[in-house]
Peer 1: 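Mind looking over this structure? Questions follow.
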Protein chains: 2
Amino acid sequence: MEVTYAGDLHWTYLESGIFFPCVVSCPGGGGRIVNTSDGDLGRERVPALLAARDDATCRVREVLDRVGEKWAISVIAELGKEPRRFNELRRAIPGVSQRMLTATLRGLERDGLVTRAVHPVVPPRVEYELTPLGETLLDTVSALLGWALDHIDDIDKARIEYDAH
Amino acid sequence: MEVTYAGDLHWTYLESGIFFPCVVSCPGGGGRIVNTSDGDLGRERVPALLAARDDATCRVREVLDRVGEKWAISVIAELGKEPRRFNELRRAIPGVSQRMLTATLRGLERDGLVTRAVHPVVPPRVEYELTPLGETLLDTVSALLGWALDHIDDIDKARIEYDAH
DNA sequence: CTGTATCCCGGACGATACTG
DNA sequence: CAGTATCGTCCGGGATACAG
């Protein structure tokens with residue numbers, strides 16, 4: 001059985017005495033490997049988003065990172081229901097620390113997703129609200145959350161099976 | 001001017017001599033703050049997703065975490081174009097280390113989003129492919145990426161303005 | 001009430017070396 | 001080729017203390 005290879009192949013000599021690529025008896029009785037030259041006949045499901053690693057692509061990461069932030073989604077979801085004050089948010093989102101809530105809100109504000117309105121009274125009254133831009137993100141993220149809810153059972157099942165080897 | 005307050009209020013005595021809540025002259029001439037008892041008249045944009053912090057809600061985090069993983073989206077996007085071998089993926093995703101690519105693929109495989117097919121030949125040939133479940137995630141995530149691409153300029157503008165104070 | 005300022009830890013990630 | 005193993009770094013984020 002002969003093995004041919006496509007692509008930039010690196011030849012390596014292994015301690016075990018194996019020299020790659022080489023001809024070896026094939027346990028599975030596997031067939032011949034031929035030129036796998038993969039022409040660009042992709043399904044083109046992703047609109048050249050991550051295909052081309054250009055500027056825009058890298059900046060997309062920032063959005064993903066924001067969504068990935070531990071508390072951002074919860075905050076957006078809460079504000080999606082109605083404008084909230086700082087400690088209202090804190091109470092509405094179990095487990096969030098003051099530090100992280102502040103940081104998350106600052107980040108969202110910086111990105112133009114949330115507005116922060118300070119009312120000059122004592123005690124201070126600060127209201128947070130979703131901007132129109134923030135609301136569009138809420139819609140999009142809701143779709144992702146919907147997917148998650150729809151397929152969590154599938155994922156759980158897959159994990160159990162995988163972990164069982 | 002009198003200030004009334006709703007909610008579980010904690011009284012604090014500050015070093016500066018201020019006692020909260022208290023009556024103070026208000027720079028902005030701000031008005032009276034009345035009972036803010038927020039009845040549950042939310043806009044109900046998020047379908048009780050993060051509203052109720054139940055089991056499912058917590059598990060949604062896992063999906064978000066996976067999406068937030070630094071390389072998961074890139075891998076899914078690549079595999080969304082066509083099945084790939086390990087080092088093909090590595091070359092297609094600039095910057096990813098062998099370690100992280102392996103870890104990412106294992107995670108996706110465990111979640112049932114990617115299949116790993118080992119061909120028993122020498123040298124080893126391992127092909128990764130999106131499962132049907134993985135393809136549905138690709139669709140959903142593409143929507144999010146689309147949002148990102150559509151609004152990156154808005155976000156950049158907001159950041160510049162914010163940073164300028 | 002609505003925040004800063006510090007300290008500190010664990011986990012994510014990269015670099016490097018090694019293996020079948 | 002397709003991985004594991006090990007180590008070191010960095011930083012997200014929790015705990016706590018303090019302030020206007």
Peer 1: Map B:R99 and B:N87 onto DNA chain D by nearest heavy atom, then report which one ends up closer to the 5' terminus.
Peer 2: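 It is B:N87 whose nearest nucleotide is closer to the 5' end.
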Peer 1: Mind calculating the distance between CZ (A:R90) and C1' (C:dC1) to the nearest angstrom?
Peer 2: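 After rounding, the gap between these two atoms is 10 Å.
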Peer 1: Classify B:R106 by what it touches in the nucleic acid, base, sugar-phosphate, or nothing, heavy-atom distance under 4.0 Å.
Peer 2: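 Sugar-phosphate contact only - B:R106 comes under 4.0 Å of backbone atoms but never of a base.
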Peer 1: Taking only the side-chain heavy atoms of B:K70 (C-beta and beyond), determine which of C:dC1, C:dC13, D:dA17 contains the nearest atom.
Peer 2: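 The nucleotide sitting nearest to the side chain is C:dC13.
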Peer 1: Going by side chain to side chain donor-acceptor pair (under 3.5 Å), B:R84 matches just one of B:E78, B:E127, B:E129. Which one?
Peer 2: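 Testing B:R84 for a side chain to side chain donor-acceptor pair (under 3.5 Å) against B:E78, B:E127, B:E129 leaves exactly one candidate, B:E78.
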Peer 1: Can you tell which of D:dG3, D:dA5, C:dG3 lies closest to the side chain of B:Q98?
Peer 2: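 Taking heavy atoms from C-beta onward, the closest nucleotide is D:dG3.
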Peer 1: How many whole angstroms separate atom CD of B:E127 from atom C1' of D:dA2?
Peer 2: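 Checked: the CD to C1' distance equals 13 Å.
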Peer 1: Could you check which of C:dC1, C:dA15, D:dG3 has an atom nearest any side-chain atom of B:T102?
Peer 2: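 Of the options given, the side chain of B:T102 lies nearest D:dG3.
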Peer 1: B:R116 side chain N/O closer than 4.0 Å to the phosphate oxygens (OP1, OP2) of D:dG3?
Peer 2: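 Looking at the OP1 and OP2 atoms of D:dG3, one of them is under 4.0 Å from a side-chain N or O of B:R116.
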Peer 1: Could you tell me whether A:D65 and B:K70 make a salt bridge, using a distance below 4.0 angstrom between a side-chain N and a carboxylate O?
Peer 2: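 Salt bridge flag = no for B:K70 with A:D65.
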Peer 1: Using the side-chain heavy atoms of A:P123, tell me which of these nucleotides is nearest: C:dC1, D:dA17, C:dC13.
Peer 2: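 Among C:dC1, D:dA17, C:dC13, the one nearest the side chain of A:P123 is C:dC1.
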Peer 1: Taking only the side-chain heavy atoms of A:F86 (C-beta and beyond), determine which of C:dT2, D:dC1, C:dG14 contains the nearest atom.
Peer 2: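 Closest of the options to the side chain of A:F86: C:dT2.
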Peer 1: Starting at CD1 of A:I93 and ending at C1' of C:dT2, how long is that distance when rounded to a whole Å?
Peer 2: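 To the nearest whole Å, that distance equals 15 Å.
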Peer 1: In whole angstrom, what separates B:D65's CG from C:dG11's C1'?
Peer 2: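 Nearest whole value for this atom pair: 12 Å.
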Peer 1: Look at B:R85 and D:dA2 and indicate whether a side-chain polar atom (N or O) is within less than 4.0 Å of OP1 or OP2.
Peer 2: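 Yes, such a contact exists.
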Peer 1: According to a hydrophobic-cluster definition based on side-chain heavy atoms being under 4.5 Å apart (Ile, Leu, Val, Met, Phe, Trp, Tyr only), do A:L113 and A:V118 belong together?
Peer 2: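 Result: yes, single cluster for both.
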Peer 1: How close do B:R90 and B:V96 get, heavy atom to heavy atom, and via which atoms?
Peer 2: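 Result for this residue pair: O-CG1, 4.1 Å.
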Peer 1: Atom NE2 of A:H119 to atom P of C:dG3: distance rounded to whole Å?
Peer 2: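 Distance check: A:H119 NE2 to C:dG3 P gives 11 Å.
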Peer 1: Please check if the side chain of A:E88 supplies one atom and the backbone of A:R85 the other of a donor-acceptor pair under 3.5 Å.
Peer 2: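 At least one qualifying donor-acceptor pair exists.
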Peer 1: To the nearest Å, give me how far apart CG (A:L101) and P (D:dT16) are.
Peer 2: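 For the pair A:L101 CG and D:dT16 P, the rounded distance is 18 Å.
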Peer 1: Give the nucleotide from the list D:dG13, D:dA2, C:dC1 with an atom nearest to the side chain of A:M100.
Peer 2: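 Nearest to the side chain of A:M100 among the choices is D:dG13.
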Peer 1: Roughly how many Å is it from OH in B:Y128 to C1' in D:dC1, rounded to a whole number?
Peer 2: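 Spelled out: OH on B:Y128 to C1' on D:dC1 is 11 Å.
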